[in-house]
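So you know, we letter chains A, B, ... as the sequences are listed, proteins then strands, and number each from 1.
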Amino acid sequence: MKLFYTEFIKLKNTFALWLTLLGALFVPLILFTTYLSDVKSFVPGHGINPWDDFLVRTLNGCCFFSIGFALLIIGLTIHIEHKASGWKHLFTLPISRGRIYFGKLLVIFAMVICFFTLYLALSVLSGAVLGYAVPDLGFSKFPVAGMHIFRFVTEFFISILPTVFLQYWLSFRLKNLITSLGIGLGGLMIGLLLKSWKFIIYLPYAAPFQLLNYKEEDASSHQRLFLINAVYTVLFVMLSYKDFVKRFRG
Amino acid sequence: MIDENGLAVETIGLSFSFSKDRPVIKELNMQIPKGAIYGFLGPNGAGKTTTIRLLLDLLPSGSGEISVFGKTLGDDRSNILSRTGALIESPSLYEHLTGYDNLKVTANLRSIKKDRIQEVLKIVGLDTESKKYVHSYSLGMKQRLGLAIALLSSPDLLILDEPTNGLDPNGIIEIRELLRDLNANHGVTILVSSHLLSEVERLVSHVGIIGRGEMMFQGPLKKLQQISQDKAVIEIDTDDNARALEILLEDHQQVSKAAQFLEVHYTDRDRLAQLIILLTAAGLRVNRAQLVESSLEETFLSIIKDDHL
């Protein structure tokens with residue numbers, strides 16, 4: 001726990017911390033202003049739940065943007081150590097390398113989870129505020145599909161696990177933040193451009209885009225994707241851990 | 001046990017290479033007595049930092065043995081590192097944090113109480129600057145903060161790799177005084193590396209000189225001073241150097257003839273006067289008689305060049 005807390009001290013005054021907050025605000029704010037600026041286009045027909053359309057936009061926004069923010073959070077968090085030449089100091093402390101590896105990973109996961117929680121909470125909040133501010137939009141007449149959001153988040157989180165571990169590995173291996181981020185963003189671009197290619201599920205970076213226009217009925221078709229992701233996750237954890245503990249010198 | 005022999009650090013036949021055909025450290029035998037200030041000297045690229053990194057388990061172990069406090073790193077890494085403070089090259093500092101927070105990070109990781117943070121800040125003279133962000137610190141302040149971090153655990157062994165790099169003369173003196181105090185009053189064994197003998201000769205009790213990955217000299221500083229003294233000669237020029245040479249050889253002096261003068265091996269302070277009396281008594285006129293000493297730095301350089309023997 002001390003290691004976890006100490007890693008958070010290092011994040012004080014850093015952009016990584018602000019990014020978790022501001023990045024989570026980005027899409028909800030855009031959606032909120034878009035709805036407000038063109039109310040007529042978004043007034044639903046009689047009996048139609050406006051949350052359905054709103055959530056598609058919110059969750060698609062999550063697929064498009066959140067993984068990019070997650071990559072940035074990972075890169076910036078690890079870059080703190082590169083910038084301070086901190087690895088050599090950490091490795092001369094009486095702490096095992098394994099603890100250092102998992103301590104940092106835990107902080108990254110805490111920030112990524114915090115980011116998603118904030119993102120979804122702010123999205124729902126903006127919908128609720130729109131419902132009160134503009135009753136015609138109909139948000140206050142229907143309940144929020146909480147279970148739908150929960151299912152999406154769970155599946156989305158599983159889908160990005162290999163990317164998080166791979167990016168964590170790249171970030172501590174590559175001192176240059178731009179290089180590791182460039183590889184990550186390049187991977188995302190390829191994943192998005194070749195979204196419909198039948199073998200794209202083998203590219204870890206493409207997984208988030210397979211959940212675009214998320215419908216619960218699609219869950220069964222994602223089983224193969226999750227299986228591949230599980231294999232990638234185990235592989236990346238094992239390889240990056242071994243590399244960090246045995247070979248990485250900072 | 002090495003510890004019982006009074007050694008804080010010992011390496012036996014330590015070798016290391018980054019690639020197969022380019023050994024960086026060759027059969028290095030280092031012995032640092034407990035309570036010593038050991039100056040680890042050598043030119044840039046001689047293998048000082050690599051040796052230090054090996055001592056701190058920052059590089060994969062090559063062949064040979066490393067023992068610290070009588071234990072090998074492989075057997076008791078955690079205990080050894082908890083008794084060791086290190087500052088390798090430039091200090092590892094988080095510049096976006098305050099000096100205090102930088103110390104807090106290491107204190108947390110080493111499970112050290114907060115009171116100790118104030119203590120080390122006072123020791124290095126940064127107690128009034130601890131709330132400032134490190135990016136506003138001068139180079140000297142950063143170096144002192146790095147030293148404070150190394151001192152947090154009240155280490156028995158302090159390993160400092162070129163700690164005065166980039167410091168002004170005042171900063172160098174401050175660090176030297178601090179290390180002397182830590183050694184004298186807290187019994188800390190100190191390994192301090194440098195490429196300049198002049199930088200550490202007023203501080204160290206023992207010296208190890210490394211060149212091209214090999215230990216060229218190791219022992220108390222006095223031993224190095226003795227080598228330096230042994231290289232001293234008296235240059236003598238008379239009106240008849242050939243006759244003077246005969247007289248000196250008859251007197252069993254170690255003498256050699258240079259182009260313009262004679263060189264007599266220097267043994268003690270009275271020798272110069274004795275030689276002048278000897279030669280003038282033989283009717284020779286002494287034009288010049290001069291003691292030419294080899295400085296410690298020259299001895300150091302000759303050792304590095306391996307031409308001291």
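One finds the NE2 atom of B:His96 at 4.5 Å from the CD1 atom of A:Ile80 (value rounded to the nearest 0.5 Å). The NZ atom of A:Lys12 lies 14.0 Å from the OH atom of B:Tyr94; values are rounded to the nearest 0.5 Å. In this structure, CZ in B:Arg53 is found 10.0 Å from OG1 in A:Thr92, a value given to the nearest 0.5 Å. Taking CZ from B:Arg77 and CZ from A:Phe91, the interatomic distance works out to 9.0 Å, rounded to the nearest 0.5 Å.
Using a 4.5 Å heavy-atom cutoff, the side chains of B:Thr106 and A:His89 are in contact.
With a 6.0 Å radius and a threshold of 12 heavy atoms from other residues, nucleotides or ligands, A:Phe150 has its CZ atom at or below the threshold. With a 6.0 Å radius and a threshold of 12 heavy atoms from other residues, nucleotides or ligands, A:Phe199 has its CZ atom at or below the threshold. No more than 12 heavy atoms of other residues, nucleotides or ligands sit less than 6.0 Å from atom OH of B:Tyr133. More than 12 heavy-atom neighbours from other residues, nucleotides or ligands sit within 6.0 angstrom of CZ on A:Arg249. Residue B:Lys26 qualifies as enclosed at atom NZ: its count of foreign heavy atoms under 6.0 Å is above 12.
Nearest heavy-atom pair across A:Gly86 and B:Ser92 is CA-CB, 3.9 Å. Smallest separation of non-hydrogen atoms from A:Ala84 and B:Leu93: CB-O, 3.0 Å.
The parts of B:Asn108 that come within reach of chain A are both its backbone and its side chain, each placing non-hydrogen atoms under 4.5 angstrom from that chain. With a 4.5 Å cut-off on non-hydrogen atoms, B:Ile149 touches chain A through its side chain but not through its backbone. Both the backbone and the side chain of B:Ser90 have a heavy atom closer than 4.5 Å to some heavy atom of chain A.
For the set B:Ser82, B:Gly146, B:Gly85, B:Pro60, the entry with the most heavy-atom pairs within less than 4.5 Å of chain A is B:Pro60. Of all the listed residues (B:Leu87, B:Val105, B:Leu97, B:Leu109), the one sharing the greatest number of non-hydrogen pairs under 4.5 Å with chain A is B:Leu109.
In terms of modelled atom types and a separation under 3.5 Å, the side chain of A:Lys88 and the main chain of B:Ile88 share a donor-acceptor contact.
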